[in-house]
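A, B, ... follow the sequence lines: proteins, then strands. Residue 1 opens every chain. The structure presented is a predicted model; accordingly, all values stated were derived computationally and were not measured.
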There are 2 protein chains.
Amino acid sequence: MTQTRTTQTRTKLERGRSALGPALTLVHTGSAPTRAVLTTELGVTRATAGAVAAELQVLGLIRVDTRPTVVAGSQGRPSHRLDINPDGPVVLAAQVHADGFRAALVGLGGRIVATRAGCMTVAADPADVLGVVVAAGAELLKTTGRRCLGAGLAVPSAVAEPEGTALNPLHLAWPAGVPVSQVFAERILAHGITNPDGVPVASFVGNDVNLTALAEHRHGAGRGARHLLVVATGHSGVGGALVLDGRLHTGSSGLALEVGHLTVNSEGRPCHCGERGCLDVEVDPLAFLQAAGREPGPEVSLLHQSAALLREEYADPTVRAAAEALIDRLGLGLARLVNVLNPDRIVLGGLHCHLLDADPERLSAVVADRSLWGRSGSVPIVGCTLDHNTLVGAAELAWQPVLDDPLSALAA
Amino acid sequence: MTQTRTTQTRTKLERGRSALGPALTLVHTGSAPTRAVLTTELGVTRATAGAVAAELQVLGLIRVDTRPTVVAGSQGRPSHRLDINPDGPVVLAAQVHADGFRAALVGLGGRIVATRAGCMTVAADPADVLGVVVAAGAELLKTTGRRCLGAGLAVPSAVAEPEGTALNPLHLAWPAGVPVSQVFAERILAHGITNPDGVPVASFVGNDVNLTALAEHRHGAGRGARHLLVVATGHSGVGGALVLDGRLHTGSSGLALEVGHLTVNSEGRPCHCGERGCLDVEVDPLAFLQAAGREPGPEVSLLHQSAALLREEYADPTVRAAAEALIDRLGLGLARLVNVLNPDRIVLGGLHCHLLDADPERLSAVVADRSLWGRSGSVPIVGCTLDHNTLVGAAELAWQPVLDDPLSALAA
DNA sequence: CTCACTTTGTGCCAAGTCGAAACAAAATAG
DNA sequence: CTATTTTGTTTCGACTTGGCACAAAGTGAG
């Protein structure tokens, strides 16, 4: 099969192999719009950059927009835009939480192609839950007819590496140590989510807040940060995550930045962990609603109610006082983390994001005041900017092998 | 000069260029004793590994021990040992603290070739202090006649990257923001510490505890750890450091893990930072001596007195009670860090190391008890094992460019 | 001691990859 | 329309590496 090719039959496709992954990563993160930018960012010659772009196009991952670009004020031959192929392959991303699940097909660049949500009111067996989730994903794949390159799942629990077991899936009422990764892979096998050769796609599982952080770092409010701290309240208490030089720091056993039990109020309410005044119970939608004197209604989630209250009734002194108390406690927790980690940006999600919107100056002031070094205290604090960031983060997990080595990942 | 060589004149030296750095790093950390190991560790062919070894030998960095090795029980042709050349180039390493300084010449593998210490009783101008330090280093270089490839300096202060300014050199009574890196480079220029072409060697400055951590990670008690937390009391309060995947995490402005002001005793003594019960004042040689009812003598350092007391009089109930109080507070601080960072090993230095020696079980138990997740609480805690680890760490800084690219670093 | 076997080290060749340079293309500036 | 700037492509040569054959240096069985 491998015919001996003579020298003159070589094509430009035979260069740029080692730069393929970095180049795709640049396109994926939206920071490589043209071949010229590829040349400078990768530090290669124009010839190599051109070959890389051609190869990525042949692989069906990107398109080259040959239309004349209307860029004013620039001399020289205009560069063609490198766009993500909107009809290219996707990965399956999924998220499970206490109330239900969501599945999506996500393309390069974190673009959500199709999504479907579902409810699960009662805690069920992990295999059943993930079976429903993967079935929804399989349905999406069937409907859209997309090629699937991998699958990623976000769970509200620390996930041990590399075993892929959920260490504390309290909010799903699953037993600690459930082999989520294995169960997920089995459901994918069972639903026949495979590459064209019939091999089941690679699957990955991660903690939801970690994946949120990954998504915000690559496509959202965390872009460009070298040391990014993310703290979010979601459906499952307070979680933290740290992205260092573009890579998630999950700790040696996946338990890094489980920040829900930082003490932020020594006279606070008792927490199930045995201490008092943990971030988890002090900065909480339910606690906020009660402190603001509102009765939590059953119709929508507590998070939505809290957000609405912050947005619409911040002028109310009771609401404002309750919010400020939360901001002060959140700020203390963030300051503690800043003292240890010295991040260059903080991204907040969930309730924290709405607290930030309500009074951005106060939160920054508290963090600066309670952190030791003025310089590390002046950390920019911003809110999430990405829709479905946890899903996008789960997709990042599945895209990673493709970004690392597009040729191998697509050959399979 | 660059004569056009024909194909048949190529020698084996023209391969293995890209693997040169990784190979030298393996030899440096002591984990590549033979060419055969190089082959497997680097994932290259034997031909390439052989060429790499030959190149490193030509560069004068390693020696190949051709004596027959007496290894019992192994079949096949014995592999020759790759040893660090004991007469090879060195780097200049230096450390300054409140009481004085130490300068050393350090070879590959963290081997101290020569060392000299000095005292400085009064706080002096940074340029004067570093002038004395560099003069001592220049003297060592002159005496030994070694080639110097770089210089590293450890200071008891956070160091901002990449400016190289000391952010909080309180223990040296220097003003905050001193451009230590620049002053150090100027002294090196002034003393004519250059490569053979007369160019001053590259110089680097780092925080002392960070450098201790780097040294212990590469050559001491931290070898093999993926997420290493180091906490040490030195001449300058409590400091922490984190090595992640072999790389130091200093934070975005060099202030990460400045852990001296973690609160570990809410009713503790006041600290100059304005809070009470900081690790810095609670786990302190002076505090320990006073709690043990001893009068600190002026003759030796408080650290030595404390160590002697722990070693020799631990049976004394007063000493023991004081030590246990310190262990409990140190354990609480470590547990807080474990909850956030989830390291897979903790290395302790200075007084902490002696506390660990005095009662290892108690410290581990406290950390496990006060950390949230049993699994992340069972972190192995060990003491430092390296002599002059801070100096060795400063040398690591200077060796790094050579390890990254031996050809470029030695060509200059 | 000899022979088979195992493992290590080296020389040679083919293949792959990349940079340099020349050339072509597509815009703007004058 | 022409000069200039910038981008994209082709060709060539240089460098690096893996594969393979062969040599070298030991162990172990008989």
Could you tabulate the donor-acceptor pairs under 3.5 Å formed by side-chain atoms of residues 398-412 of chain A, not counting sequence neighbours?
unit_1, atom_1, unit_2, atom_2, d
A/Trp399, NE1, A/Val106, O, 3.3
A/Trp399, NE1, A/Gly107, O, 3.2
A/Gln400, OE1, A/Arg218, NH1, 3.2
A/Gln400, OE1, A/Arg218, NH2, 2.7
A/Gln400, NE2, A/Asp404, OD1, 3.1
A/Asp405, OD1, A/Leu407, N, 3.4
A/Asp405, OD1, A/Ser408, N, 3.3
A/Asp405, OD1, A/Ser408, OG, 3.3
A/Asp405, OD2, A/Ser408, OG, 2.5

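- Judged as a side-chain hydrogen bond (donor to acceptor under 3.5 Å, both in side chains), and not counting sequence neighbours, the contacts of B/Thr48 are B/Thr45.
- Distance B/Asp65 CG to C/dG9 P: 12 Å, rounded to the nearest Å.
- Under the rule for a side chain to side chain contact (heavy atoms under 4.5 Å, CB included), the partners of A/Leu397 that lie at least two apart in sequence or sit in another chain are A/Phe204, A/Leu211, A/Leu214.
- Minimum atom distance to the side chain of A/Val44 is reached by C/dG19, of the listed C/dT17, C/dG19, D/dG18.
- If you take CG of A/Leu20 and P of C/dT17, they are 10 Å apart, rounded to a whole angstrom.
- Shown here are the side-chain hydrogen bond (donor to acceptor under 3.5 Å, both in side chains) partners of A/His388, two or more places apart in sequence or in another chain: there are none.
- In terms of polar N and O atoms assigned as donor or acceptor, the side chain of B/Arg81 never comes within less than 3.5 Å of the base of C/dT8 in a complementary pairing.
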Each nucleotide N or O in nucleotides 4-7 of chain D that has a protein N or O under 3.5 Å away: list the pair and distance.
unit_1, atom_1, unit_2, atom_2, d
D/dT5, O4', A/Gln75, OE1, 3.3
D/dT6, O2, A/Arg77, N, 2.9
D/dT7, O4', A/Arg77, O, 3.3
D/dT7, O3', A/Ser79, OG, 3.3
D/dT7, O2, A/Arg77, NH1, 3.0

Task: Stepwise side-chain hydrogen bond (donor to acceptor under 3.5 Å, both in side chains) test for A/His219 and A/Glu396 - done: CA-CA 10 Å; A/His219 308 292; A/Glu396 290 301 315; 2.6 Å; yes

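- In this structure, the CG atom of A/Leu42 is 10 Å from the P atom of C/dG19, given to the nearest Å.
- Distance A/Gln57 CD to D/dG8 C1': 13 Å, rounded to the nearest Å.
- Two rings, from A/His227 and B/His249, have their centers less than 6.0 Å apart.
- Judged as a side-chain hydrogen bond (donor to acceptor under 3.5 Å, both in side chains), and not counting sequence neighbours, A/Asp87 has no contacts.
- The distance between atom CZ of A/Arg15 and atom P of C/dG19, rounded to the nearest whole Å, is 7 Å.
- Applying the salt bridge (Lys or Arg N to Asp or Glu O under 4.0 Å) test to residues at least two apart or on different chains, none of the pairs has a partner in residues 33-54 of chain B.
- Legend: salt bridge (Lys or Arg N to Asp or Glu O under 4.0 Å) pairs involving residues 219-228 of chain B, not counting sequence neighbours, sorted by first then second residue: B/Arg226-B/Asp245.
- Listed nucleotides D/dT17, C/dG19, C/dG11 differ in distance to B/Ser18; the shortest reach to its side chain belongs to D/dT17.
- Atom-to-atom, CG of B/Leu38 to P of C/dT7 comes out at 19 Å; the value is rounded to the nearest Å.
- Residues from residues 401-411 of chain B lying near DNA chain C, meaning a heavy-atom separation below 4.0 Å, are absent.
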